[in-house]
Amino acid sequence: MTASPAVRREPDRLELTFRGLVLGGLITLLFTAANVYLGLKVGLTFASSIPAAVISMAVLRMLRSTSIYENNIVQTVASAAGTLSSIIFVLPGLVMIGWWTGHIPFLPTFGICAIGGVLGVMYSIPLRRALVTESDLPYPEGVAAAEVLKVGVGSRAHEAEAAAEGKAGLAAVIWGAVASAGFAIVGAAKLFASEAGTYFRIGRGATGFNVSLSFALLGAGHLVGLQVGLAMLVGLVLSWAVAVPLLTNLHPAAGAAAAVATSVWSHQVRFIGAGAIGASSIWTLGKLAMPVLNGLKSSMAASRKHMSGQGADLPRTEQDIPIVVVGLICLACLVPLAVLLAVFLHGGPLGGIIVPLVASAVLYIVVAGFLVAAVCGYMAGLIGSSNSPVSGLAILAVLGAGLMLLMVAGPHIDPAARQALVAFALFVTAVLLSVATIANDNLQDLKTGQLVDATPWRQQVALLVGVIMGSLVIPPVIDLLNRAYGFAGSPGLSATANPLPAPQATLISALAKGVITGQLDWSLIGIGVVVGIGLIVVDELLRASKKGSVPPLAVGLGIYLPSSTTAFVVVGAVIGWAYDRWADKLPNGEGVKRMGVLLASGLIVGESLWGVALAGLIVATGKSEPLALVGEAFQAVAAPLGLVAFGVVTIGLYRWIAVLGRRTAS
């Protein structure tokens, strides 16, 4: 391919460089592993753009020359790779249903991530115009990453000031990570409790709450912001203050309050949350129809200009990979996709109907993938890719896949074939989720690129590199965590095991089984749909009256995520809001707020990386708690001790980061 005229006019522009791709790949190793662990533990992943940008600037600054565009490429590679870790919302389900045993195979997992990820990059290209350049969506994380890049590189006239803030930003990430990992290490020694909460009876029913003392969750809450945090709080209240007490009173059961309440939440309330997320997702799709159509028309018009030799008329910031090339790459992906699906079915009880099953699955992934990519891109623009409930869309995807495959296979297949069909539905959904999550992240990255004057096609090439890097890292990390901890609900776990909850995979596996076996309680999902419609109405009324917003998808997420996860995300959102309001009163308020964002990123990274390191220790020693210094009897002391220590460390970190932010202005 020959370079465009716009590129020839800027021969010295440092942007898509080999060293940038290599550095992005190395950062990928850290953040992808951290994201996989965090997602399996609490059901959330984080966007690695900001910490990747900070590390990139610190490293490349030591070299003879660098640019904001090259740093943007580094964060693009790292964030795209880290985003693929969302595959853990589905893939562990194949272990939970007993289809994969012993270990998680490398090649199928790599194929899911790589093929789905490349399709996600391609789908995001025509969506860029609809959702980035021609949209007023805020893209909070994309804007934050752009601000970090601008401050870190700076102009030559302000190089000393930029260097000072860049150094302070790196310190914020590092010390946030050290504090987060340090607290988690003390927790692993059992000296601090990692959770605190209580359950109690209400009449004949029961309810309660549980919170994780997690700096990773605190940091995630800071990043998603108050609006989303409060929406998740609404979901938490609907779940544990309304639905659980009501259902446990309607169907009273004997036993401990904690066992009764958590059983009802797990087997009933979460499905209501799934319905709410489904309704909200469909509403979002409807709102996106016209912008997506306009974006496709714009992409086709740009492609015609390139083909007619008028590429020079296009601004450099509008030069995507040509839409014809995009189409050819999408078509080329269908061959390995079909092979991947056929190999999965080969030799099993569905071997006689491989061709219709594979054909229908490929069509489903291609069509539904684009629709889900559009919704995910919209949600990334609205609330950030870290908080976009892509797992909620995975719920819709697995329901659609299950129903479609059941129609192809027929309703009268034997039990062994039904088990294989459940596994295949999960496998298809995993590919679809790879498409969705990459589109979700890519549009956030492309927004960052737009704000720093990057070249879209170069950034899109970097996204492809990130996909391949992430696809290489994810399989061994998931396999390591499976061998160390196991996943909740998997067959063969010992009574003393402490498996990773993998909450979304648990729910999605249950949905796949319910659809294929005909045992899914659609009434609970129907109630959730009604709840979702009500939330949509409330949100639209609030928007119309300009009184704020309660994002329905965030509320749905609050309903079906464990309270231990949701509670501290809400706490982090409130702390982040209070910190930002206080920072607004300072002369260097924006700089102080940026330091807060970097601290939050460090909090997430530190605890998550420690989780991966602990997994390695567990595998190496064969002990489920290799660092435990005390027994269960100490937990009565560990709980209050952990709460006090967590509060002291949190206050200390935010006070220090505020001082650090103010110093960068002096």
Side-chain angles (χ1 to χ4, degrees), residues 43-44 131 135-140 207 209 220-221 223-247 265 268-291 372 374-384 386-393 395-396 399 507 522-563 565-567 569-574 576-577:
L44 291 172
L131 298 179
S135 168
D136 59 355
L137 290 169
Y139 285 97
T207 191
F209 67 91
L223 291 179
V224 302
L226 184 67
Q227 187 179 81
V228 172
L230 292 180
M232 294 182 74
L233 177 61
V234 171
L236 186 66
V237 171
L238 289 175
S239 180
W240 291 96
V242 178
V244 171
L246 179 63
L247 291 171
W265 173 80
Q268 298 182 55
V269 176
R270 294 193 80 182
F271 288 90
I272 295 174
I277 289 174
S280 302
S281 299
I282 292 171
W283 173 253
T284 303
L285 268 175
K287 293 174 69 174
L288 278 177
M290 190 54 66
V372 173
V375 174
C376 282
Y378 180 85
M379 291 310 301
L382 183 64
I383 58 176
S386 293
N387 195 61
S388 296
V390 292
S391 55
L393 295 178
I395 291 170
L396 285 179
L399 291 175
L507 176 60
W522 288 96
S523 64
L524 292 171
I525 294 179
I527 292 171
V529 169
V530 173
V531 171
I533 292 172
L535 293 171
I536 290 167
V537 171
V538 171
D539 184 53
E540 291 298 318
L541 289 174
L542 287 173
R543 290 175 182 273
S545 61
K546 298 182 179 180
K547 293 182 179 179
S549 174
V550 182
L553 279 168
V555 178
L557 197 64
I559 294 173
Y560 90 84
L561 282 179
S563 63
T565 297
T566 311
V569 172
V570 175
V571 171
V574 173
W577 168 78

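Not measured: the values here are computed from a predicted model.
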Asker: Quick one: closest heavy-atom pair of G532 and A279, and the distance?
Answerer: CA-CB, 4.2 Å

Asker: T207 side chain to W240 main-chain N or O, any donor-acceptor pair under 3.5 Å?
Answerer: yes

Asker: Once you round to the nearest 0.5 Å, how far does CG of L542 lie from CD of E540?
Answerer: 9.5 Å

Asker: Side chains of L226 and V574: does their closest heavy-atom pair fall under 4.5 Å?
Answerer: yes

Asker: Could you pull out the closest heavy-atom pair between G229 and A573, with the gap in Å?
Answerer: CA-CB, 3.8 Å

Asker: When you measure from the side chain of S545 to the backbone N and O of L541, does any donor-acceptor pair fall under 3.5 Å?
Answerer: yes

Asker: What pair of heavy atoms forms the shortest contact from P552 to L535, and how long is it?
Answerer: CB-CB, 4.0 Å

Asker: Only one of V531, I527, I533 clears side chain to side chain contact (heavy atoms under 4.5 Å, CB included) with V529; which?
Answerer: I533

Asker: Nearest heavy-atom pair of T566 and M232: which atoms, and what distance?
Answerer: CG2-O, 3.6 Å

Asker: Grab the two heavy atoms, one from V550 and one from D539, that are nearest each other, plus how far apart they are.
Answerer: N-OD1, 2.9 Å

Asker: Which residue in the set L236, V237, L238 passes side chain to side chain contact (heavy atoms under 4.5 Å, CB included) when paired with V234?
Answerer: L238

Asker: How many angstroms lie between atom OG of S523 and atom CZ of F271, to the nearest 0.5 angstrom?
Answerer: 11.0 Å

Asker: Could you pull out the closest heavy-atom pair between I559 and G273, with the gap in Å?
Answerer: CG2-CA, 3.6 Å

